[in-house]
> 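Here it is: the structure, laid out below.
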Amino acid sequence: MELERKQSNDSKWWKSAVIYQIYPRSFADSNGDGIGDLKGIISKLDYLETLGIDAVWLSPVCRSPQDDNGYDISDYQDIDPMFGTLEDMEELIEEAGKRRIRIIMDLVLNHSSDEHFWFLEAKKSRENPYHDYYVWRDGTEGAPPNDMRACFGGSAWEWVPEVQQYYFHQFSVKQPDLNWENPKLRQEIYDMINWWIGKGVGGFRLDVIDQIAKEPDRKITNNGPRLHEFLRELSRETFQKADLVTVGEAWGADTELAKLYSNPDGSELSMVFQFEHICLDQMPGKEKWDLAPLPFLKLKEVFGRWQTQLHGKGWNSLFWNNHDLPRIVSRWGNDGEYRVESAKMLAILLHGMQGTPYIYQGEELGMTNVRYEIGEYRDIETLNLYQERLEKGYEKEEIMRSIHAKSRDNARTPMQWNDGENAGFTAGEPWIRTNPNYREINAAKQTEDEDSVFRCYQELIRFRKEYPVFAEGEFRMLLETDEDIFAYTRTDGDSQLLVICNFHDRTVKCPLETPEPDGKLLIGNYRDRAGGPDGTLLLRPYEARMYLTAAPKA
Ligand code: TEU
Ligand code: CA
């Protein structure tokens, strides 16, 4: 039975697709309450069709008290009124489908909200049928089972007097962890997912999916012993029933685990978000707030390893940004003098690789971080960090340097549509201040400009469909030890992609032969070619060039 239902991942639509992430709260507000909503997204589907993306990953829009901006779900089968109704969701799925755009739901299966019916029941008594949907431990008030900490600060254990027990929460106290050891809970989850598949969704993003097999008594949070057993059951009972894309968020993934998650036989998921490159600019063994310069050679080593080790054995996601990360042009590009050049360079560098690229809302415009006062931040993680580090005696300036660099709110300021009030995001007061640079950086200014960051992304998305080498080509890193240039080839049969990027703000000499004049320059971020006196290629600040040539005869 299992074999006939398993759909291999070999020739899947998402291998030449580009997926766009929308953070609904900040994308487009249709009713003037300052919060983005589903009707707002529907009104922007033509923009997304123009960009050329194939699917939209929606951060959660289900009912939620919004303690963690929707990642605390209180009803998995209803839409939160602030975003709209189930009918709006069905209209979005239908309208997107007319434009060949699939809708990917964000499933938060590691934990629910403490206002979910299951938890309201569970905490009534130890005998309640829903009690074991969560992770409880006996104890005495004031003496938690162990010293595990929650991701957003404080103990991972919360005392409930009614049952004289602690419940486990890896995130906020309002996000109690679900107990995946309980087959009844797992079946409820599968029934819910199949209900969404019946609604016509095109796939799922799985929030912190590598944490569902937690074993708190052994202080295990991710990569628990039963994780892949649960994932194979989940995949078999739900995802394999339709032609879906599934992407798991796996902060603890390495390439060997990724081969399990993205096994080409389709037994688990399509791919995962792994974060090895994302964690490079923090002090080793410390938190993301403990800033360190980006080790460029290490960045190349990490990308090279993920590209080569998953070729033919799994599938990469490709991303710089999401709703939890600072904006890449401010983080590893240059959001001042070379904002456009560096935003394009980062796009060209990533989109030439093998895997499915993800574009986070506003990345296609080169949107930047913000530098707000603490009172203008909204994110629970940022606000808790500020308090925690103040109490530990950190200087305010140092804490704000960390927050300006790494706060999740950098990604959550309103999408910048035009140079009108609040960048056209809302007619009301936005839930978080609009980035003041919206007059210069907005979609209206870019969609018709052939030199815009938007146009660069549009071209890269088109290339992925037009040239099979983007989806299939084998990756080979060049210039591994070069401190400035990130260069690689992709080879598929008789065609080869050559990508050359200067990752820094100084002009450098490129030691590579470029395939001009016979090679085709697919895209670059400078209008012309700069050459040294001996004709070698000079790469200006953040200069990127992508060539398509006939592969050299073996
Ligand atoms: O994020 C998981 C997670 O670990 C991140 O929050 C990470 O700890 C932090 O953002 C980086 O410092 C997922 C969701 O993407 C995030 O928005 C939720 O807050 C979290 O899970 C809980 O659901
Ligand atoms: Ca609204």
Side-chain angles (χ1 to χ4, degrees), residues 21 23-44 57-62 64 66-73 79-85 88 106-113 149-153 156 169-178 205-212 214 221-222 247-253 272-275 278-279 281-282 286-291 319 321-326 331 358 360 378-385 402-403 405-412 414-415 422 425-431:
Q21 184 194 354
Y23 194 67
R25 175 184 272 270
S26 305
F27 191 66
D29 170 25
S30 70
N31 62 354
D33 65 359
I35 300 171
D37 46 52
L38 294 178
K39 286 192 183 308
I41 297 172
I42 292 169
S43 76
K44 299 298 181 184
W57 153 27
L58 287 184
S59 275
V61 291
C62 289
S64 162
Q66 299 297 318
D67 185 62
D68 183 18
N69 285 5
Y71 282 90
D72 49 319
I73 292 176
I79 301 299
D80 194 279
M82 66 186 260
F83 292 122
T85 64
D88 293 336
D106 200 326
L107 283 179
V108 187
L109 306 178
N110 176 68
H111 47 272
S112 76
S113 162
R149 312 290 293 164
C151 276
F152 298 152
H169 62 91
Q170 296 187 66
F171 293 94
S172 89
V173 69
K174 286 182 67 64
Q175 293 171 293
D177 270 57
L178 289 165
R205 179 264 186 181
L206 303 163
D207 189 64
V208 289
I209 199 64
D210 66 343
Q211 298 179 215
I212 60 174
K214 67 229 55 180
T221 50
N222 56 22
V247 52
E249 180 193 29
W251 282 80
V272 290
F273 291 129
Q274 58 85 15
F275 294 83
I278 292 295
C279 296
D281 61 356
Q282 65 197 59
K286 296 285 191 93
E287 296 180 290
K288 71 179 190 182
W289 312 104
D290 303 306
L291 310 177
F319 68 99
N321 296 288
N322 66 28
H323 62 292
D324 292 332
L325 301 177
R331 184 178 195 176
Y358 290 75
Y360 178 69
R378 298 287 176 270
D379 172 29
I380 181 173
E381 184 190 53
T382 299
L383 297 173
N384 288 359
L385 177 276
S402 295
I403 287 172
K406 294 290 186 72
S407 168
R408 303 193 299 181
D409 279 341
N410 280 309
R412 301 176 180 185
M415 179 68 177
N422 288 310
F425 162 69
T426 178
E429 187 57 34
W431 69 278

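In this text the structure is predicted, and so the values were computed from the model without any measurement. Both ligands and their constituent atoms are indexed starting at 1 by order of listing. Hydrogens, waters and symmetry mates play no part in the numbers below; they use all other heavy atoms, side chains included.
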> Does the side chain of Gln170 pick up a donor-acceptor pair with the side chain of Gln211 at under 3.5 Å?
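A pair is found: one side chain offers a donor N or O, the other an acceptor, under 3.5 Å apart.
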> Which residues satisfy the salt bridge (charged side-chain N to carboxylate O under 4.0 Å, His left out) test with Glu381, sequence neighbours excluded?
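Testing Glu381 for salt bridge (charged side-chain N to carboxylate O under 4.0 Å, His left out), a comparison that skips the adjacent residues, returns Lys288, Arg408.
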> So which protein heavy atom does atom 11 (C) of ligand 1 come closest to, and at what separation?
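For atom 11 (C) of ligand 1, the nearest protein heavy atom is Lys288 NZ, 3.5 Å.
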> Among protein heavy atoms, which lies nearest atom 14 (C) of ligand 1, and at what distance?
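The protein heavy atom lying closest is Asp207 OD1, 3.0 Å.
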> Tell me: protein heavy atom nearest atom 5 (C) of ligand 1, and distance?
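Scanning the protein heavy atoms, the shortest distance from atom 5 (C) of ligand 1 goes to Asp324 OD2, 3.9 Å.
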> So, Ser407 and Asn410: side-chain donor and acceptor under 3.5 Å apart, yes or no?
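Side-chain D/A pair, Ser407 to Asn410: absent.
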> Does at least one non-hydrogen atom of Arg205 fall below 4.0 angstrom from an atom of ligand 1?
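Right, Arg205 reaches ligand 1.
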> In the protein, what heavy atom is nearest to atom 1 (O) of ligand 1, and what distance, to one decimal place, separates them?
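Here the closest protein heavy atom is Glu249 OE2, 3.2 Å.
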> Please compare Phe275, Phe273, Trp251, Phe171 and report which has the shortest non-hydrogen distance to atom 7 (C) of ligand 1.
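Nearest heavy atom to atom 7 (C) of ligand 1 lies in Trp251.
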> Can Asp409 and Arg378 be counted as an ion pair, charged N to O under 4.0 angstrom?
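Looking at Asp409 and Arg378, the cut-off is not met.
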> Examine the side chains of Asp106 and Tyr71 and answer whether a donor and an acceptor come within less than 3.5 Å of each other.
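Their side chains do contain a donor-acceptor pair, which is all the 3.5 Å distance test asks for.
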> Scan side-chain atoms only and decide if Asn110 and Lys214 contain a donor-acceptor pair under the 3.5 Å cut-off.
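Looking only at side-chain atoms, Lys214 and Asn110 do form a donor-acceptor pair, the distance falling under 3.5 Å.
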> Would you say Glu287 touches ligand 1, if touching means a heavy atom closer than 4.0 Å?
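No heavy atom of Glu287 comes that close to ligand 1.
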> What protein N/O/S atoms lie closer than 3.0 Å to the Ca ion (ligand 2)?
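Near the Ca ion (ligand 2), below 3.0 Å, one finds Asp29 OD1, Asn31 OD1, Asp33 OD1, Ile35 O, Asp37 OD2.
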> Regarding Asp37 and Arg25, does a basic nitrogen lie under 4.0 Å from an acidic carboxylate oxygen?
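Looking at Asp37 and Arg25, the cut-off is not met.
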> Looking only at side chains, do Gln175 and Asp67 share a donor and an acceptor under 3.5 Å apart?
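There is no such pair (donor and acceptor under 3.5 Å, judged by atom type) between the side chains of Gln175 and Asp67.
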> Quick one: nearest non-hydrogen protein atom to atom 22 (C) of ligand 1, plus distance?
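Protein heavy atom at minimum distance: Asp68 OD2, 3.4 Å.
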> Taking atom types as modelled and ignoring hydrogens, do the side chains of Asp72 and Ser113 form a donor-acceptor contact shorter than 3.5 angstrom?
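Looking only at side-chain atoms, Ser113 and Asp72 do not form any donor-acceptor pair under 3.5 Å.
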